[in-house]
Amino acid sequence: MTLIRSPLRGRLALPTVALLAAALSAGGCGKPVATFQANLAYLEVQRRDTGNVADATMQNIAEVVEGLFGTPDDPHLPRLESVDCNEVLDIQLLQMAAGSVSREEVGRPHGLYREHCVHCHGISGDGMGPTAGFLNPYPRDYRAGLYKFKSTPSKLPPAHDDLKRILYDGIPGTAMPSFKLLADDELAALIEYVKYLSIRGQVERALIAEAASELDEGDLFVSAEGGEDNRDLVAEKVSSVVARWKSANDERMAVPERPDYTDEELAESVRRGRELFHGKLAQCSKCHGETALGDGVQNDYDEWTKELKPAAEGFRETFVDNNLALAPRHAIPRNLRMNVFRGGRRPVDIYWRIKIGINGSPMPAASPLLDDEKIWDIVNYVRHLPFEAASEPPQKQPSYQRDRL
Amino acid sequence: MSFPMQQVARITALVAGLATLTGCRPLPDNIAVSSVVAESIRGQLESGAGETSGGGEVAVQNPTGWATIRGLVKLSGQAPARSPLALSGADAPICSANGQLMSEEVLVGGNNELKNVLLLVSSEIRKEPGWVHDDYANTPPLLDEKSGFDQKNCVFLSRVFAMQASQTVRIYNSDNLGHNTKIAGGEGRGGQAAQAFNQLVAAGTSIDYSPGGACNLPMAVSCNIHPWMGAYMMVVDHPYFQVTGDDGVYVLANVPAGVDLELRAWHESKCSFSDSDGEWKKGRKLVKLEPGQELQLDLTVSLE
């Protein structure tokens, strides 16, 4: 007799099923209304590092953010005098990506984000969907507006085409798949929705930071009953976040044409690249290691983790045990001998990574003394590395692999 | 109809098992938002109605002259002993060649004078005549040489660095090895916040950083190649700020008199500030000075 079959057999079957259904619905497995998760991790960071944010203020921030941006089922773009959000977001595409998964007869899909993204990136774009904990690297948290693989200066968010490329090609070496098979408008809808989650998340963070450092305890941003508040700050925060996203599309970094090398010239460029890689001007080997196996600096964190201060007292209790953050992992420099390049393996992709750095990661932008010819030399060397005899220079195992043996 | 107890227990186990199998990692607490309240707030924001207390609620004040605020900042109680920094990586022997590197969080003088405390006027200084004294007319557009931001022996030479938003600072690397200088970027007012920055500064070279806007609080500065390196950079959109030196003294000279000024004090450790009138709430104090007044405002800092 199996445990599963027995209760469903015989005269007890019907009441048993009823009891089971009742128990399940009491346990909350019905269809709950989708809500955004407040950024309580950042609230804890600000309370710890900057100043107290009263519960009433945080409640007000959650209300203001919902007022501005709506809910997962019904996204909204704030119609403020000082800023036109329609310049960076398309509400019709957003509505296509939002809500629960469905398809009208005419074939217009809804709920694309929940169909394709939510299980990893989470309903709020916090990178903490149900599968997140099983993945390495963890899924991106969109709420800080930080993106690694892009063609814009480091101070700016990614351009539309940068996000499109990630969706189209996926990110090799990670759990992020390619969504090449989606229709163009569906891809566009998902890009809009990711931007929307970022803009919403950045405004929320800005309001929490503002409350922690600038407001008196218990002050409100917008009082629902009227009266004194700080509503001009809300408009200001939305404007400054939207302005940055707007300028990103206009400020993509121009890439000088890669020289057309003969075989001998390419070999010479690779040789110069190897010298630069190990030299003082580029300093690549400091982090990526003398062997390029990614075995240089091993104990750094990325920006998303660093602000939580994983080494601080009480970190685990506050953040991990309360499910505000996943267990922290070190940012290990890329092993360049694997021939797996997360941001893409075209020469231009590697050029951008070197020239402007990788936002959110320890990887800095190149020194201005590294001119374009030198950067192309390093690009050529990096592309050559996976095929270089690993004994030249002698290989060394990264410490995290040595530890395992 | 009644169930045998055994049956009930079995079903309970089954339900528990199912819940576990569906794998619901518990969600963190959330903040419940009433859609009615959110709608009402949306209406208010989008109609542009309502009063704001953020600024402009009182008749515009105009400065009536100049005044100076000065004071001595002291730490209350014993300063924590400086601890040796844990160096790692291939550069460690070079970085510690001139002696063990020590933590710089709390640096005090012989009489507990506290170094690296930032004092500034945090209320708005208008870009109008009468708000900024002529003494500041010759603010250099580029901070270089001695007033730049330097690093030597894998230590940032200015632990707390402050500058104006209109200025550019030259970031030097006086070491014979490479550093990357990473500035976190800040939250600011007026839509123009200090920008993030992360560039490699090759050995013996320099790079210019133009923040492009002010920040509310100092931004963290770090080097990823040498993770123990740390500093703070503050960008202000007026000239009324100072960081205390070894003597713990600060001077905010020729601030506008006759207007409400908010002063802010900051130190990298979590701490509270108080003067003879009591504690500064969130590190801030309101003052209004008479023309020609010399206000002595000594501060006591208590670490938390």
Side-chain angles (χ1 to χ4, degrees), chain A residues 3 7 12 15-16 19-20 23-24 27 35 37-38 40 50-51 58-59 62-64 66-68 78-81 130 133 154-155 206 209-210 213-214 222 224 226 228-234 236 239-240 243 280-281 283 286-287 297 299-300 322-324 357 362 364-369, chain B residues 1 3 7 10-12 14-15 18-19 22-31 33 37-42 44-46 48 50-55 88-89 91 177-178 180 182 185 187 189-193 195-203 205 207 216-217 224-225 227 270 281-282:
Chain A
L3 183 68
L12 273 179
T16 304
L19 188 65
L20 203 74
L24 278 173
T35 49
Q37 197 74 28
L40 299 179
T50 310
M58 189 58 209
Q59 175 74 37
E63 290 160 358
V64 168
E66 182 168 323
L68 289 170
R79 284 188 281 266
L80 303 174
E81 247 176 61
S154 71
K155 61 189 183 202
E210 188 78 17
S213 75
E214 307 304 305
V222 181
E228 280 208 350
D229 56 25
N230 297 278
R231 62 186 57 191
D232 52 344
L233 287 176
V234 176
E236 196 180 297
S239 307
S240 82
K280 278 188 176 158
L281 198 53
Q283 293 275 355
K286 286 286 175 203
C287 295
V297 177
N299 54 359
D300 210 348
N322 286 327
N323 283 302
L324 298 181
S367 158
L369 299 173
Chain B
M1 192 174 289
F3 297 108
Q7 198 76 359
R10 200 175 279 168
I11 292 168
T12 312
L14 184 68
V15 171
L18 274 176
T22 54
C24 302
R25 180 161 47 83
L27 285 170
D29 294 339
N30 200 5
I31 295 173
V33 174
V37 175
E39 283 287 337
S40 146
I41 286 178
R42 176 182 299 174
Q44 293 194 41
L45 279 171
E46 296 189 346
E51 284 303 308
T52 182
S53 65
S88 56
D91 289 340
L177 40 82
N180 74 307
K182 183 171 195 167
E187 285 293 335
R189 289 274 172 96
Q192 292 292 320
Q195 287 161 352
F197 178 89
N198 182 12
Q199 274 205 300
L200 193 103
V201 194
T205 69
I207 288 184
N216 291 338
L217 286 174
N224 296 92
I225 304 173
K270 196 152 196 200
K281 241 169 86 182
K282 278 197 170 181

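Per chain, numbering begins at 1; letters A, B, ... match sequence-line order.
Contacts with chain B were tallied for A/Gly357, A/Ala243, A/Ala206; A/Ala206 has the most, counting heavy-atom pairs under 4.5 Å. Comparing A/Ser213, A/Ala62, A/Gly51 by heavy-atom pairs within less than 4.5 Å of chain B, the highest count is held by A/Ser213. The candidate with the highest count of non-hydrogen atom pairs below 4.5 Å against chain B, out of A/Ser367, A/Ala209, A/Gly67, is A/Gly67. Counting heavy-atom pairs closer than 4.5 Å to chain A, the top residue among B/Ser40, B/Ala196, B/Gly178 is B/Gly178. Comparing B/Asp29, B/Asn30, B/Ile41 by how many heavy-atom pairs each has under 4.5 Å with chain A, the most go to B/Asn30.
Counting heavy atoms from C-beta outward, A/Val297 and A/Pro362 have side chains that stay 4.5 Å or more apart. Two residues are said to be in side-chain contact when any heavy atoms from C-beta on lie closer than 4.5 Å; B/Asp91 and A/Lys286 meet this criterion. B/Leu45 is not listed as a side-chain neighbour of A/Pro78, based on a closest heavy-atom distance of 4.5 Å or more.
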Evaluate side chain to side chain contact (heavy atoms under 4.5 Å, CB included) for B/Ser88 paired with A/Asn299, printing each intermediate quantity in order.
CA-CA 9 Å; B/Ser88 56; A/Asn299 54 359; 3.5 Å; yes
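Residues satisfying the salt bridge (Lys or Arg N to Asp or Glu O under 4.0 Å) criterion with A/Glu210, sequence neighbours excluded, are A/Lys237, B/Arg189. Checked against side chain to side chain donor-acceptor pair (under 3.5 Å), A/Gln59 has the following partners two or more places apart in sequence or in another chain: A/Glu63.
For A/Asp300, the part lying near chain B is the side chain, with the backbone staying farther off; criterion is any non-hydrogen pair under 4.5 Å. Of the atoms belonging to B/Ile207, it is side-chain heavy atoms, and not backbone ones, that fall under 4.5 Å from chain A. Heavy atoms of A/Val234 lying under 4.5 Å from chain B belong exclusively to its side chain. Only the side chain of A/Leu369 comes within less than 4.5 Å of a heavy atom in chain B; its backbone stays farther off.
Other residues, nucleotides and ligands contribute more than 12 heavy atoms inside 6.0 Å of the NZ atom of B/Lys270.
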